[in-house]
Amino acid sequence: MLSREAFLDTDAGQVVEEYFTVGNGLGWNEGWLASEGFSLVSEELVIGYRNGLPAWDWHIAGDRVAGGGCLLTWTLGDLTAENWSLAAATDEDDRLLAIEVGGVSCNGEVRTELAGVELVETAESIEVTAWVRGLGEERGCIASYVGHPAVIVMRAPIGGRSILNAGFIPGREVTFGER
């Protein structure tokens, strides 16, 4: 098990530290702050310990960090990958995907903005990550859903490929009519 100081001397330690001290994890850094030791399982997986027992895990890819909740969700600096749904039915000949990206409204004020959409096309899949940025504090209010529309232009028609929300680990297949 590594001490906090020894962990911070690693590349992974620097990425996780930045995420929890100045990045999108700042508001949810209790696990990071409470961790008494760390195991660098690989360059992509860190386990945080409390009272000598594994308590938290964080997954790292480059400068992205995922952790917490039921679905591991990618973050990148102040951006968070957000859930999205198909806004219209698709056909195998389509080269456009209309999507609606989830966001947050707090007491009627929109608190997120769509920061961008990342597309990776392979022979088997269409992988989409929708990035949002928080615009203010969400705690202490009655939050409600707000949708951010986006249109994605693909190089090739959908064909028989799966459409995946790549903002989660593992990526989730998306079909029209589900959110």
Side-chain angles (χ1 to χ4, degrees), residues 15-16 18-20 22-32 44-46 56-92 94-122 124-155 157-179:
V15 170
V16 175
E18 182 176 329
Y19 170 71
F20 282 118
V22 296
N24 203 46
L26 184 61
W28 294 273
N29 63 5
E30 297 87 3
W32 168 249
E44 295 86 25
L45 177 61
V46 175
W56 297 277
D57 66 345
W58 299 289
H59 298 260
I60 303 165
D63 50 0
R64 296 180 184 187
V65 177
C70 297
L71 290 173
L72 294 176
T73 305
W74 287 113
T75 66
L76 178 61
D78 67 341
L79 305 178
T80 300
E82 183 58 70
N83 198 24
W84 56 268
S85 59
L86 290 170
T90 59
D91 181 280
E92 65 181 23
D94 288 344
R95 287 179 182 255
L96 298 177
L97 286 179
I99 67 171
E100 182 176 278
V101 180
V104 175
S105 171
C106 185
N107 299 327
E109 183 181 334
V110 175
R111 296 289 179 101
T112 56
E113 68 179 352
L114 180 61
V117 177
E118 190 176 305
L119 171 67
V120 175
E121 292 185 64
T122 69
E124 297 80 31
S125 65
I126 300 160
E127 301 173 13
V128 176
T129 304
W131 297 101
V132 297
R133 177 180 290 114
L135 297 176
E137 184 64 38
E138 295 173 20
R139 295 179 185 198
C141 73
I142 300 172
S144 58
Y145 175 85
V146 61
H148 301 291
V151 176
I152 300 164
V153 179
M154 297 173 291
R155 291 186 318 264
I158 294 171
R161 299 183 291 171
S162 298
I163 301 171
L164 302 175
N165 182 338
F168 299 116
I169 301 170
R172 294 180 34 225
E173 189 164 0
V174 177
T175 58
F176 179 66
E178 62 181 38
R179 183 176 279 177

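The nearest pair of heavy atoms linking M154 to D94 is CE-O, 3.7 Å. For the pair A115 and R133, the tightest heavy-atom approach, listed with the atom from each and the gap, is CB-NH1, 3.9 Å. The minimum heavy-atom distance between P149 and L114, with the atom names listed, is O-CD2, 3.8 Å. The two residues V132 and G102 have their closest heavy-atom pair at CG1-O, 3.8 Å. Closest of all the heavy-atom pairs between G103 and T112 is CA-OG1, 3.2 Å.
Taken from OG1 in T90 to CG in L97, the straight-line distance is 7.0 Å, to the nearest 0.5 Å. Separating the OH atom in Y19 from the CG atom in D63 is a distance of 13.0 Å, to the nearest 0.5 Å. To the nearest 0.5 angstrom, E92 atom CD is 11.5 Å from R161 atom CZ. In this structure, the separation between CD1 on I158 and CD1 on I126 is 5.0 Å, given to the nearest 0.5 Å. One distance of note links OG1 of T75 with CH2 of W131; it measures 7.0 Å at 0.5 Å rounding. Here the CD1-CD distance, from I163 to E173, works out to 8.0 Å after rounding to the nearest 0.5 Å.
The environment of E18 atom CD is sparse: at most 12 non-hydrogen atoms of other residues, nucleotides or ligands sit within 6.0 angstrom.
Side chain of S125 to main chain of E127: no donor-acceptor pair is present (N/O by atom type, distance under 3.5 Å, no hydrogens or angles). Remark: the backbone N or O of A81 is not paired with any side-chain donor or acceptor of T73 at under 3.5 angstrom. Looking at R95, its side chain does come within 3.5 Å of a backbone N or O of R155 through a donor-acceptor pair.
When each of L119, L164, V101 is paired with V128, the side-chain contact (heavy atoms from CB on, under 4.5 Å) condition holds for L119 and for no other.
You'll find the side chain of E109 stays beyond 4.5 Å of the side chain of L135, heavy atoms only. Looking at heavy atoms from C-beta onward, I99 lies in side-chain contact with L86 at the 4.5 angstrom threshold. Put simply, the side chain of W74 does not reach to within 4.5 Å of the side chain of L79, judged on heavy atoms.
Taking the six-membered ring where tryptophan is involved, the planes of W58 and F20 are perpendicular, since the angle between them exceeds 60° and thus also 30°.
Under the side chain to side chain contact (heavy atoms under 4.5 Å, CB included) criterion, I60 pairs with A12, V15, V16, V46, not counting sequence neighbours.
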